[in-house]
Asker: 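Structure provided below as structure tokens; questions to follow.
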Amino acid sequence: MTVLKAELLKRLSDGVVDMEEEAVIETCKEYVEAGYPALEGIMNGLVDGMNRASQLYEDEEYFVTDILLCSDAMYEGLAVLRPHLPSSEAEKIKPRGVIGVVEGDTHDIGKNLVKIMLETAGFEMFDLGRDVPLNSFVEKAREVSASFVCLSTLMTTTMPGMSTVVELLKEAGIREQVKVVIGGGPISKKFADTIGADGYSHNAVEAVKLVKSLLNIA
Amino acid sequence: MHKNDQMTPNERLAAFMTGSPMDRILAMPVVCSMSGMALGMTHKEKRSTALNEARAQAACYERFGNDLTITEYGLHGVGAALGSVLTDPEDAVPAIIKYALEDINNVNQLDMSRLELKNDKKFQLHLEATKILIDMVGKEAPTGVLISGPFTAAASIYRTENLLRATRKNPEKLHQLIKFCNEGLKMVYREFIKAGAVILLCDPIASGTILHRNQYLEFVLPYTIDLMKDIHEAKGMVCYHICGDTTSIVGDMVQSGCDMLSIDNRVDLEYTKKIAGSKVPILGNVDPVEIMYLGKPEDVDMAVKTCLQKAYDSPNGYIVASGCDLSGNIPLENIDQFMASVRKYGKWPLDPNNFL
């Protein structure tokens with residue numbers, strides 16, 4: 001007997017919240033074999049679970065480690081479901097963002113959390129990694145027609161690099177099209193204002209709200 | 001001795017420890033990463049030779065009259081000795097780009113002998129810097145050495161994100177890794193204690209911003225207690241610092257057996273006084289970025305005043321300090337102001353009318 005779709009979706013969502021990678025992979029396979037639509041499995045199963053995890057993070061019930069393990073489960077599930085998306089869905093253009101840790105710094109947990117949350121929220125993220133040459137942010141933003149750029153750093157010495165990226169975007173003539181949001185340990189709203197960034201977020205969940213509000217996405 | 005002081009930092013610290021009168025309250029802005037600026041040196045010039053590292057500190061002391069000079073073994077020292085690869089920027093703190101340990105299951109392949117003084121050139125350099133500095137200023141001022149705690153040492157060997165995953169998925173190997181770090185650190189600490197330095201044990205990766213309290217209790221505190229015991233057996237003194245928001249673990253940090261506790265600007269000083277003030281002297285917590293790096297001298301003045309308001313009456317004593325290491329292109333005038341404000345508001349005997 002085929003398991004009801006609703007039950008599988010719940011198991012996917014719960015599997016992400018409970019950080020059960022193996023269970024998520026198995027359930028995804030079962031879901032695909034039953035012939036249910038991959039998109040719904042992603043949105044109402046995996047992403048739903050990740051959204052619940054974000055809420056727990058906001059409520060301070062979940063911490064960084066929990067979010068990492070939840071996202072591991074989600075990404076494992078995505079790897080199973082994505083190949084089954086109809087090409088019309090797979091090729092659908094999502095709002096795009098470029099993200100990375102600025103040159104001189106290699107601390108990337110914060111950046112990775114923000115990327116996870118933004119991908120969960122439906123953005124297509126281009127991750128440049130850590131210790132990213134400042135010009136690469138601009139080149140990538142232009143190449144993929146990004147709507148926003150996320151810059152992260154943990155080190156005071158690399159903070160001025162964020163200001164440079166804002167300037168480089170202006171020089172490239174694309175500052176108007178690209179919102180700049182910044183974050184990381186030493187960063188503040190005041191610093192964001194000083195360098196002319198569009199926003200500052202102190203954590204990954206807030207970053208999603210910030211980007212959505214800057215792009216006028218409900 | 002600084003022209004505006006009446007006691008040397010050594011005399012002041014001795015008075016502080018014995019509860020005797022002093023000329024002013026102790027002031028320890030963490031002039032570590034930025035110290036080269038006092039001589040117009042870049043960070044790379046500063047860290048390239050033992051003499052430069054010592055001279056930069058001596059120059060800071062001469063200009064500011066700060067109560068603690070600081071050399072560093074650093075936060076990445078353990079990892080670097082074991083083969084982690086660091087960047088080599090001209091004027092910034094190096095960062096790790098490649099980790100010595102890729103798979104935590106290989107933890108038993110780590111070679112402890114690489115951490116020994118005779119095999120680690122960087123260790124030799126920093127120890128030499130400490131000795132030179134103590135020769136230069138030791139008659140007047142104490143020298144501390146900034147060294148990582150066990151969890152941060154582990155994070156210099158093995159990628160932090162995977163370290164966090166291992167707290168759930170491979171706790172046994174993770175314990176093994178941290179224990180390895182602890183044994184290595186004991187060896188390192190003992191050399192610096194022998195040279196006469198105070199240990200400034202910093203464990204930023206154990207921050208409450210990254211770890212849950214339960215993880216701190218399982219993977220950090222027991223090892224830290226063990227370390228503190230060893231430091232004390234070696235007749236060393238230790239100030240314990242964790243960066244970021246440590247509100248949930250301040251009470252636990254004191255259980256480590258540290259001699260002093262230093263908190264970052266994300267923790268309320270008054271709260272710290274309440275939780276830890278009756279057990280150890282506390283240090284903190286002028287915002288190193290917002291105030292010291294981006295602020296103006298009047299912001300610094302106000303911040304020092306606020307710190308005194310909150311903590312001047314901490315039962316075991318209070319030392320005005322920055323919340324964390326001062327890094328980046330800090331306006332030196334802000335550090336001048338930090339000291340001037342401590343001399344103004346913290347003049348002995350402390351009179352709350354001066355700052356309340």
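Bear in mind that the values here come from a model prediction, so they are computed numbers and not experimental data. Chain A is the first sequence line, chain B the second, and so forth, proteins listed ahead of strands; every chain is numbered from 1. All values below were derived from every heavy atom in this structure, side-chain atoms included, with hydrogens, water molecules and symmetry-related copies excluded.
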Asker: If you take all heavy atoms of B:R168 and A:D66, which pair is closest and at what distance?
Answerer: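 In this case the closest contact between B:R168 and A:D66 is NH2-OD1, 2.7 Å.
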
Asker: Does CZ belonging to B:R266 count more than 12 external heavy atoms closer than 6.0 Å?
Answerer: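 Atom CZ in B:R266 is not crowded, with 12 or fewer foreign heavy atoms closer than 6.0 Å.
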
Asker: For the CZ atom of A:F63 and the OG1 atom of B:T209, what is their distance to the nearest 0.5 Å?
Answerer: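 OG1 of B:T209 is found 9.5 Å from CZ of A:F63.
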
Asker: Around atom NZ of A:K189, are there more than 12 heavy atoms of other residues, nucleotides or ligands at under 6.0 Å?
Answerer: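 No, because the 6.0 Å sphere around NZ of A:K189 holds 12 heavy atoms or fewer from other groups.
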
Asker: Using only atom types and a distance under 3.5 Å, with no angle test, would you say the side chain of A:R130 pairs donor to acceptor with the backbone of B:I97?
Answerer: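 Between the backbone of B:I97 and the side chain of A:R130 there is a qualifying donor-acceptor contact (under 3.5 Å).
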
Asker: Could you tell me whether the side chain of A:T65 reaches within less than 4.5 Å of the side chain of B:H212, counting heavy atoms only?
Answerer: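 B:H212 does not reach A:T65 side chain to side chain.
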
Asker: Against chain B, work out which of A:D72, A:N203, A:T158, A:D131 has the most heavy-atom pairs shorter than 4.5 Å and name it.
Answerer: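 Most heavy-atom pairs under 4.5 Å with chain B: A:D72.
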
Asker: Just so I understand: if I count every heavy-atom pair under 4.5 Å between each of B:A92, B:C324, B:S327 and chain A, which residue has the most?
Answerer: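 The residue among B:A92, B:C324, B:S327 with the greatest pair count is B:S327.
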
Asker: So for B:D91, is it side chain, backbone, both, or neither that comes closer than 4.5 Å to the heavy atoms of chain A?
Answerer: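 When you check distances to chain A, only backbone atoms of B:D91 fall under 4.5 Å.
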
Asker: Specify which of A:V64, A:I187, A:T156 makes the most heavy-atom pairs with chain B at under 4.5 Å.
Answerer: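 When all of A:V64, A:I187, A:T156 are compared, A:T156 has the most.
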
Asker: What do you reckon, is CD of A:E176 surrounded by more than 12 foreign heavy atoms closer than 6.0 Å?
Answerer: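 Counting neighbours around CD of A:E176, 12 or fewer heavy atoms of other residues, nucleotides or ligands fall under 6.0 Å, so no.
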
Asker: Might you confirm whether atom CD of B:E90 has over 12 heavy atoms from other residues, nucleotides or ligands at distances under 6.0 Å?
Answerer: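 Counting other residues, nucleotides and ligands, CD of B:E90 exceeds 12 neighbours.
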
Asker: Heavy-atom count check: over 12 atoms from other residues, nucleotides or ligands less than 6.0 Å from B:K179 NZ?
Answerer: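 For B:K179, atom NZ is not crowded (no more than 12 foreign heavy atoms under 6.0 Å).
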
Asker: Give a yes or no on whether A:Q177 atom CD has more than 12 heavy-atom contacts from other residues, nucleotides or ligands under 6.0 Å away.
Answerer: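 Yes, CD of A:Q177 has more than 12 neighbouring heavy atoms, counting only those of other groups under 6.0 Å.
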
Asker: Please rank A:P160, A:G104, A:P186 by heavy-atom pairs under 4.5 Å with chain B and give me the top one.
Answerer: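 Looking at each of A:P160, A:G104, A:P186 in turn, A:P186 comes out on top.
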
Asker: With only heavy atoms counted, which part of B:T87 is less than 4.5 Å from chain A, the side chain, the backbone, both or neither?
Answerer: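 When you check distances to chain A, only side chain atoms of B:T87 fall under 4.5 Å.
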
Asker: Looking at B:K173, I want to see if its NZ is surrounded by more than 12 non-hydrogen atoms of other residues, nucleotides or ligands under 6.0 Å.
Answerer: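 Yes, enclosed.
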
Asker: In residues 109-128 of chain A, which residues are in contact with chain B at a heavy-atom separation under 4.5 Å?
Answerer: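 From residues 109-128 of chain A, the residues near chain B are A:I109, A:N112.
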
Asker: As an exercise, state the distance from CE of A:M19 to NZ of B:K169, rounded to the nearest 0.5 Å.
Answerer: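 The CE atom of A:M19 sits 10.0 Å away from the NZ atom of B:K169.
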
Asker: Please identify, among B:L164, B:L326, B:N329, the residue contributing the most non-hydrogen atom pairs under 4.5 Å to chain A.
Answerer: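 If we count pairs closer than 4.5 Å to chain A, B:L164 comes out on top.
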
Asker: Measuring from atom CD1 of B:I96 to atom NE2 of A:H107, what distance do you get when rounded to the nearest 0.5 angstrom?
Answerer: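 Output value for this atom pair is 7.0 Å.
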
Asker: If I compare all heavy atoms of A:S188 with all of B:E290, which pair ends up nearest, and what's the gap?
Answerer: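 Shortest heavy-atom separation between A:S188 and B:E290 comes out as OG-OE1, 2.8 Å.
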
Asker: Given side chains that start at C-beta, do those of B:V289 and A:K190 come closer than 4.5 Å, heavy atoms only?
Answerer: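 When only atoms from C-beta onward are counted, A:K190 and B:V289 do not touch, as no gap falls below 4.5 Å.
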
